[in-house]
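Just so you know, these numbers use all the heavy atoms, side chains as well, and skip hydrogens, waters and symmetry mates. In the text below, chain A, chain B and the rest are named by the order of the sequence lines, each starting its count at 1.
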Number of protein chains: 2
Amino acid sequence: MNTENYCIAGRLRMLARVMTGRYNDAFTQEGVTFAQAGLLMRIFAQPGIRQATLSKQLQIEKSAMSRDVQLLQKNGWLTDNLRNGLFLTEEGTLLAKRCHKIWKALNQQVWEEIGPDTVAGLSAFSDKILITNTQ
Amino acid sequence: MNTENYCIAGRLRMLARVMTGRYNDAFTQEGVTFAQAGLLMRIFAQPGIRQATLSKQLQIEKSAMSRDVQLLQKNGWLTDNLRNGLFLTEEGTLLAKRCHKIWKALNQQVWEEIGPDTVAGLSAFSDKILITNTQ
DNA sequence: TCCACAAAGTTGCATATGCAACTTTACTTT
DNA sequence: AAAGTAAAGTTGCATATGCAACTTTGTGGA
């Protein structure tokens, strides 16, 4: 493995595509994508959180976040005043809980599949990158 | 770090977003995204390659690949008969070469920034995932 | 109180992606 | 050669994202 042909960004993008597909499959039964489930679970864990905060946590551009959030609301999972902090509806809360069960099982499974050392490798990489790119 | 709150897919997606942004910045001067530059460089390295082959190499769905390729063609970087293997036009070839220079410098820089051990961590992770998800 | 400025959120525009269904091509077996 | 089938490619539809420009909100100072 050398600098000449190992593209960091390309590799990350490919991995993200592959893993996203796998997680998406798991959430199909609930009719949500992994991206949506992830947001629901975060809002469940941090009720009243602002879009700007989620943007920073997830490193997603604020306009993209705005649309992701609007999609959740369109599906009836968020209460109406988006500009005053995000809150799940009752339906959204139940869905978030179901998603968390699915997520927990799958994440555990993937974790075991690849082993703690390998996850540690990703984690180390992640720390380096995120420190560099988010102050 | 434990299974309870470290989401593999979420982390990968975030890293992909961050790194994509960084690589995109580098290619802005050429008016292409990293995704486009990456395809150009691959077609440069493998003239006549089929969409289906690129799809497998990059783990991108064939319909997405079809559109990515059409976009390159629309910009005049690919010759016309897409269904008979992909070939760069003269303009496409020059662009691919310029992109490769940019890519090489940036990838090298990122590589040094995070260090070989950390890259090795990503690589190990990558191998595990891709073996599992691509036979 | 009112204004100026910064932060948060939205919208227009464009790319990147996936799934399903459909079309086109290529190959194999009569 | 004709039919049937599998592989490759496309298109409709929807989500996920980013950049730039604009609007709304909130806050601190004159």
Side-chain angles (χ1 to χ4, degrees), chain A residues 9-10 12-40 42 48-75 77-78 80-86 133, chain B residues 9-10 12-40 42 48-75 77-78 80-86 133:
Chain A
L12 278 173
R13 288 168 63 83
M14 176 158 58
L15 290 170
R17 282 190 296 270
V18 170
M19 286 306 269
T20 297
R22 189 157 168 189
Y23 279 61
N24 276 342
D25 288 345
F27 289 109
T28 298
Q29 54 182 286
E30 295 295 347
V32 295
T33 62
F34 166 66
Q36 292 162 17
L39 279 181
L40 287 173
R42 277 180 183 265
I49 195 173
R50 290 304 198 79
Q51 295 184 34
T53 308
L54 283 174
S55 283
K56 283 163 206 149
Q57 289 179 355
L58 297 172
Q59 293 285 297
I60 289 177
E61 218 275 334
K62 62 182 180 174
S63 63
M65 182 58 69
S66 173
R67 287 178 166 113
D68 292 346
V69 160
Q70 285 172 45
L71 180 59
L72 296 185
Q73 190 190 38
K74 201 184 74 184
N75 282 294
W77 301 320
L78 295 184
D80 52 348
N81 190 359
L82 300 181
R83 303 188 86 131
N84 206 37
L86 306 177
N133 290 72
Chain B
L12 279 173
R13 287 168 63 83
M14 176 160 54
L15 290 170
R17 281 191 296 270
V18 170
M19 286 306 271
T20 297
R22 188 157 170 191
Y23 279 61
N24 276 342
D25 288 345
F27 288 110
T28 298
Q29 55 182 285
E30 294 295 347
V32 295
T33 62
F34 166 66
Q36 292 162 17
L39 279 181
L40 287 173
R42 277 181 182 266
I49 194 172
R50 291 306 197 81
Q51 295 184 35
T53 307
L54 283 173
S55 283
K56 283 164 207 149
Q57 289 180 355
L58 297 172
Q59 293 287 297
I60 289 177
E61 217 274 334
K62 62 182 180 173
S63 63
M65 182 58 68
S66 173
R67 287 177 167 113
D68 292 345
V69 160
Q70 284 172 45
L71 179 59
L72 296 185
Q73 190 189 38
K74 200 183 75 184
N75 282 294
W77 301 319
L78 296 185
D80 52 347
N81 190 359
L82 299 182
R83 305 188 84 131
N84 206 36
L86 306 178
N133 289 72

Between [atom2] of [N] and [atom1] of [X], the distance in whole Å:
X     : N      : atom1 : atom2 : result
A:R13 : D:dT17 : CZ    : C1'   : 10 Å
A:L39 : D:dT15 : CG    : C1'   : 12 Å
A:I60 : C:dA8  : CD1   : P     : 16 Å
B:L54 : D:dA8  : CG    : P     : 12 Å
B:L86 : D:dT10 : CG    : C1'   : 14 Å
A:N24 : C:dG18 : CG    : P     : 10 Å
B:D68 : C:dG18 : CG    : C1'   : 12 Å
A:F27 : C:dG18 : CZ    : P     : 18 Å

Margin query: Students often get this wrong, so: under 4.0 angstrom with heavy atoms, is B:T33 touching a base, only sugar-phosphate, or nothing?
Written below: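 Sugar-phosphate, backbone atoms only, no base.
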
Notebook entry, point to check: Reckon A:E61 touches a base, only the sugar-phosphate, or nothing at all at heavy-atom distances under 4.0 Å?
Noted result: base

Between [N] and [X], counting only base atoms on the nucleotide and side-chain atoms on the residue, is there a donor-acceptor pair under 3.5 Å?
X     : N      : result
A:R83 : D:dG26 : no
B:R67 : D:dG9  : no
A:R22 : C:dG18 : no

Margin query: Between A:K62 and A:Q36, which residue's closest nucleotide on DNA chain D lies nearer the 5′ terminus?
Written below: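 Of the two residues, A:Q36 wins.
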
Item checked: Pairwise 5' ranking along DNA chain D for B:A52 and A:N75, keeping only the more 5' one ->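 The answer here is B:A52.
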
According to a strict under-4.0 Å criterion, is [X] in side-chain N/O contact with OP1 or OP2 of [N]?
X     : N      : value
B:Q59 : C:dG18 : no
B:R50 : D:dA7  : no
A:Q70 : C:dT11 : yes
B:Q51 : D:dA7  : no

Next item on the list: Go through C:dT17, C:dG18, C:dT15 for me and flag the one nearest to the B:S63 side chain.
Entry: C:dG18

Next item on the list: Return the nearest nucleotide to the side chain of A:A64; candidates are D:dG9, D:dA16, D:dG18.
Entry: D:dG18

Checklist line | Donor-acceptor pair, side chain of A:R17 and main chain of B:Q59, under 3.5 angstrom | finding: yes

Item checked: A:N24 side chain to A:F34 backbone, donor-acceptor under 3.5 Å -> yes

Margin query: Nearest heavy atom decides the nucleotide; on that basis, is B:L71 or B:N84 closer to the 5' end of DNA chain C?
Written below: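 This one resolves to B:L71.
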
Next item on the list: Would you kindly say whether A:Q51 and A:S55 are connected by a side-chain donor-acceptor distance under 3.5 Å?
Entry: no

Next item on the list: Report the distance from atom CG of A:L54 to atom CZ of A:R42, rounding to the nearest 0.5 Å.
Entry: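 Those atoms lie 7.0 Å apart.
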
Checklist line | Shortest non-hydrogen contact between A:N84 and A:R50, atoms and distance | finding: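 For A:N84 and A:R50, the tightest heavy-atom pair comes out as C-NE, 4.1 Å.
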
Notebook entry, point to check: Out of B:D80, B:D68, B:L86, which one pairs with B:Q73 under the side chain to side chain contact (heavy atoms under 4.5 Å, CB included) rule?
Noted result: B:D80

